*Asks:* 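Here it is, the structure, as structure tokens.
Predicted model only: the values in this text are computed from it and were never measured. Computed over heavy atoms, backbone and side chain alike; hydrogens, waters and symmetry mates excluded. Counting starts at 1 for both ligands and their atoms, following the listed order.
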Amino acid sequence: MKSGCVSQELKAVGAISQRATAGVTAPGYSKTGIRKSKTGRWRAAALIALNLFMIAHIIQWRIVGKTVSPIEPSETMYTLQRGFVNAGFVFFALAILATLIFGRFVCGWGCHILALQDLCGWFLKKIGLHPKPFRSRLLVYVPLIGALYMFLWPVVYRSIWNPEHLPLIPKFTNHLVTTNFWQTFPSIAVAIPFLFICGFVTVYFLGQKGFCTYACPYGGFFGLADKFSPGKIRVTPACNQCGHCTATCTSNVAVHAEVKQYGMVVDPGCMKCMDCVSVFPNDALYFGFGKPTILVPKSNAIRKNYSLTWPEEIIGVVVFLGSFLAVRGVYALVPFLMALGCATVTTFLALKTWRLLRAKELSFYRFNLKYSGKIRQAGWAFAAFSCAWIGLNAHSGWVRYHEVLGDRAFKRVQLPDELALAQPNPARWLREADRQNIVQGRKYFEAASNFGLFANKETLQKLAWFEYLLGDADQAVQLLSQAAEHQTGESKALSLYYRGAILNRQGRHEEAHASLEQALAERDDLILARQEKGESLWQLGRRQEAVSVWAAAVQRNPQLALANNELAGAARLAGRLDEATAYEEQADKATPNNGLFHWVLGRRLQDLGMIELAKKHFQQAEQLRLGSDGSSGQ
Ligand code: SF4
Ligand code: SF4
């Protein structure tokens, strides 16, 4: 605050006695005459300890290779959708329960994003900038809508449509301990901008709790639970409406007005940081139990001041939605929470720039953007930043649009992978509709890749598949290499597997073997890569090693029809007929009664020189009305 302890907005919320601004210069008091918060230091210590604990958790996992699964509310999605009972779910459930009783303490004392927001707020104040809250009537519902979308929508979707025929209530399994701690987290290259946008950019533009108020889905549930909680900041008759509490509150709560009206703080944005209790000159505030917010009559509501007019609110919602859809998932990089954070900032910038054009006077922090109808230097700088941000958003939207249309076309192609990978050129299996979808989809993916600012690893992978289906295996191999360079974990393993499989079909077995080795180094359990690796080894003349690799694959999954056939073929060629028969019987049990499947087996065995077994499968394909060349016997 520039003078005294009371902002313009605060004055607008309710009358504040002049005593509030009468500076007190004594130890333990700030320059504004407000007593310094003693709990602030405790809270800072708690938040630093929390961050240190998070770092220790990661270090422990790196050293031991196994640890408690991430204590992160987003992990609850995997519990609700797949039945994985993990530490994140246990934490979130306990946190909501605690909020229902004590109010929103978890936010104020136990959130690492809040720690970043506080750090940013502290830093800005140090350089003389006091984040001013942005107040919207409609955007405050974003966190709750986000929470319902994240946690409730998948359950509703499954109970109504359920295209994958999953059980309504998943089978619960224990995932409290994990060896793959980072599996569900974005890469470091995404995590850093994510924390920067959510922890710093939102504070600068939207106020000290900008992310909590307009973006955080967990806050949506905590805020709702807080309304039912009997634990509240309450007031004694000693309160003299000095306003120190409101001036101190970084959650933009009109504390003095609420305690006057209701005898307690009812705003669900109150994070129970206890600063207001600590700074109150005559200890008139305390934390105590009593009536929850939900029982406060609506007719008593305090009139609030908002930053936007109603038309601006509506435009704001449209801008928010557009920006969210534009950035969410673009380049397969931007996660849900980051997209919400970006969209709130875009909305603020768009509306402020609109005002810059229309208003006669406008300021931002201590900067005069426009004065007497003339845009000042600071105004031009603001407009330039705003245009760059919004332009980047629009460009992301354009890329995302092409990614989505490409994805749709990709999903419409019906050709099974095994059939496409049975021989070097799968063109003969493509129906006209498939071909049209591939050509269309390739166009969209190429546009997204050629004009995007970052490589989209998922798009490259799908584009590679389209190229392969259209007969350009070399281009597919190259694109899969590019995709793998940007990927990690399972998706990288898959790109390398497909690359290896295509190289095997092309007869480039040395390269195929290297690619499949890398795929298995990434994901040891990728059984198809093991099967393919056996084929490249066999073709390279390293037959004993090939047999060991197929045997290892079958040991992991005895139902592998191709690997069992390959082991049978190898045993037959080595003259070990009993062993061959045993593998063949095992293979037959796992082989579906499908002409195409028999034809695929025949092709793969024929390539390996296992002619007798190949013939057997071609004959079975023929009996099932498919010729040995794969043509329909109709
Ligand atoms: S609202 Fe979200 S970001 Fe804010 S403190 Fe709560 S959990 Fe953290
Ligand atoms: S009302 Fe008081 S306890 Fe709640 S957030 Fe504001 S300062 Fe903290």
*Asks:* From Cys111, does some N, O or S atom reach closer than 2.8 Å to atom 8 (Fe) of ligand 1?
*Replies:* yes

*Asks:* Kindly state whether the ring of His175 and the ring of Phe89 have centres lying under 6.0 angstrom apart.
*Replies:* no

*Asks:* Classify the ring geometry between Phe92 and Phe151 as parallel (under 30°), tilted (30 to 60°) or perpendicular (over 60°).
*Replies:* tilted

*Asks:* Would you mind listing which atoms of ligand 2 come within a distance below 4.0 Å of any non-hydrogen atom of Val255?
*Replies:* 1 (S)

*Asks:* Distance under 4.0 Å to a non-hydrogen atom of Ser251: what atoms of ligand 2 satisfy this?
*Replies:* 5 (S)

*Asks:* How close does the nearest protein non-hydrogen atom get to atom 8 (Fe) of ligand 2, and which residue and atom is it?
*Replies:* Cys273 SG, 2.3 Å

*Asks:* Assert yes or no for the condition that the ring centre distance of Tyr204 to Phe364 is strictly below 6.0 Å.
*Replies:* yes

*Asks:* Which of the numbered atoms in ligand 2 are below 4.0 angstrom from a heavy atom of Met271?
*Replies:* 4 (Fe), 5 (S)

*Asks:* Going by heavy atoms in the side chains, are Met54 and His112 under 4.5 Å from each other?
*Replies:* yes

*Asks:* With a cut-off of 2.8 Å, does any N, O or S atom of Cys276 fall short of it relative to atom 2 (Fe) of ligand 2?
*Replies:* yes

*Asks:* How does Lys209 reach ligand 1, if at all, at less than 4.0 Å between non-hydrogen atoms: by side chain, backbone, both, or neither?
*Replies:* neither

*Asks:* Should Phe205 and Phe385 be marked as a ring-ring contact (aromatic ring centres under 6.0 Å, His included) after you check the CA-CA gap, both sets of side-chain angles, and the distance that decides it?
*Replies:* CA-CA 12 Å; Phe205 288 112; Phe385 177 82; 5.8 Å; yes

*Asks:* Is it true that Asp118 and Lys209 make a salt bridge, defined as a side-chain N closer than 4.0 Å to a carboxylate O?
*Replies:* yes

*Asks:* Please report which non-hydrogen protein atom sits nearest to atom 6 (Fe) of ligand 1, along with the residue it belongs to and the distance in Å to one decimal place.
*Replies:* Cys107 SG, 2.3 Å

